[in-house]
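All values below come from the heavy atoms of this structure, side chains included, with hydrogens, waters and symmetry mates left out. These numbers were taken from a predicted model, which means no experiment stands behind them.
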Amino acid sequence: MSEDDNNMEEYPTEIHDYLAAFEKSLGSVDEMLKTMMSVSRNELLQKLDPLEQAKLDLVSVYTLNSMFWVYLATQGINPKEHPVKQELERIRTYMNKVKEITDKKKASKLDKGAASRFVKNALWEPNAENEQTSKTPSKGKKRQ
């Protein structure tokens, strides 16, 4: 009997697809970590603005703590009762703050000059009507 056959007998066949997806995800995480570790942190941070640096730091620490969460679960320790849960919540709080800052930067800003021109041109002025009729070309003969 081969080693693969022994491994197949150790867990129910119903979860095989889940385990295969999990293994694929672990491979993706491994590749991402290798990519991140191939560039020095200082070199990477020099290329980023402060907000992007904060995002990178938060994603890194969140990923590390999430992986520790998974490790605890595989060791039979309930991560919900471990201090890592409070750490993840603290990191999420900071992630939300960074998101708020990013959203504020993306929010449209009022151009006061343009707004005042819109309002000025939208208001009816009695003198402006006389000027407008003289400026617009007539399409036919004027009625008197």
Side-chain angles (χ1 to χ4, degrees), residues 1-140:
M1 197 181 257
S2 72
E3 189 175 327
D4 288 339
D5 292 337
N6 284 336
N7 287 341
M8 289 294 287
E9 293 176 10
E10 291 180 16
Y11 62 88
T13 56
E14 297 86 30
I15 64 170
H16 178 74
D17 292 338
Y18 295 112
L19 290 174
F22 181 68
E23 184 177 24
K24 183 178 177 183
S25 296
L26 280 178
S28 298
V29 169
D30 188 42
E31 289 299 317
M32 291 294 261
L33 286 174
K34 285 179 184 175
T35 303
M36 280 188 67
M37 300 302 277
S38 67
V39 179
S40 76
R41 188 170 187 280
N42 289 335
E43 188 178 316
L44 183 62
L45 290 178
Q46 287 176 354
K47 298 176 183 176
L48 301 174
D49 65 355
L51 188 60
E52 295 298 320
Q53 290 176 6
K55 287 180 182 180
L56 177 66
D57 288 341
L58 286 170
V59 167
S60 299
V61 74
Y62 190 83
T63 302
L64 183 64
N65 280 286
S66 296
M67 291 174 75
F68 187 66
W69 176 287
V70 171
Y71 170 76
L72 289 174
T74 62
Q75 298 302 308
I77 300 170
N78 186 358
K80 292 179 183 176
E81 298 173 359
H82 194 275
V84 74
K85 181 179 182 199
Q86 287 82 19
E87 183 66 12
L88 285 168
E89 289 172 1
R90 185 180 74 87
I91 295 166
R92 269 195 219 113
T93 302
Y94 287 113
M95 290 175 111
N96 288 335
K97 287 180 182 181
V98 168
K99 186 179 184 313
E100 286 176 20
I101 292 169
T102 304
D103 290 346
K104 283 181 184 178
K105 281 188 172 184
K106 289 180 181 177
S108 60
K109 295 183 170 114
L110 179 64
D111 184 355
K112 292 180 183 177
S116 64
R117 288 191 298 273
F118 278 122
V119 171
K120 184 179 178 184
N121 290 328
L123 293 176
W124 177 78
E125 294 180 20
N127 295 337
E129 183 178 297
N130 294 338
E131 292 174 14
Q132 189 176 22
T133 56
S134 63
K135 290 180 183 176
T136 57
S138 59
K139 294 184 179 180

Atom CD of Glu23: over 12 foreign heavy atoms under 6.0 Å: no
Straight-line distance of Leu88 CG to Thr93 OG1, nearest 0.5 Å: 10.5 Å
Is there side-chain contact between Glu43 and Lys47, with at least one heavy-atom pair below 4.5 Å? yes
Please walk me through it: do Trp69 and Lys85 pass side chain to side chain contact (heavy atoms under 4.5 Å, CB included)? CA-CA 8 Å; Trp69 176 287; Lys85 181 179 182 199; 3.9 Å; yes
Answer yes or no: is there a side-chain heavy-atom contact under 4.5 Å between Lys55 and Leu48? no
Test item: Thr63 and Met32 side chains (from C-beta on) under 4.5 Å apart, heavy atoms: no
If you compare all heavy atoms of Leu56 against all heavy atoms of Leu44, which two are closest, and at what distance to 0.1 Å? CD2-CD2, 3.4 Å
Sub-4.5 Å side-chain heavy-atom contact between Glu87 and Phe68: no
For the residue pair Val98 and Ala54, what are the closest heavy atoms and their distance? CG2-CB, 4.4 Å
What's the separation between atom CG in Leu58 and atom NZ in Lys97, rounded to the nearest 0.5 Å? 11.0 Å
Walk me through whether Lys80 and Leu72 qualify under side chain to side chain contact (heavy atoms under 4.5 Å, CB included). CA-CA 10 Å; Lys80 292 179 183 176; Leu72 289 174; over 6 Å; no
Straight-line distance of Met67 CE to Leu64 CG, nearest 0.5 Å: 7.5 Å
Check whether any side-chain heavy atom of Asn65 lies under 4.5 Å from a side-chain heavy atom of Arg90, and answer yes or no. no
Donor-acceptor check, side chain of Asp30 to backbone of Leu26, threshold 3.5 angstrom: yes or no? no
Report yes if some heavy atom in the side chain of Tyr62 is under 4.5 Å from a heavy atom in the side chain of Arg92; otherwise report no. yes
When rounded to the nearest 0.5 angstrom, what is the spacing between OG1 in Thr102 and CE in Met95? 11.0 Å
Can you give me the closest heavy-atom contact between Leu51 and Lys105, atom names plus distance? CD2-NZ, 4.1 Å
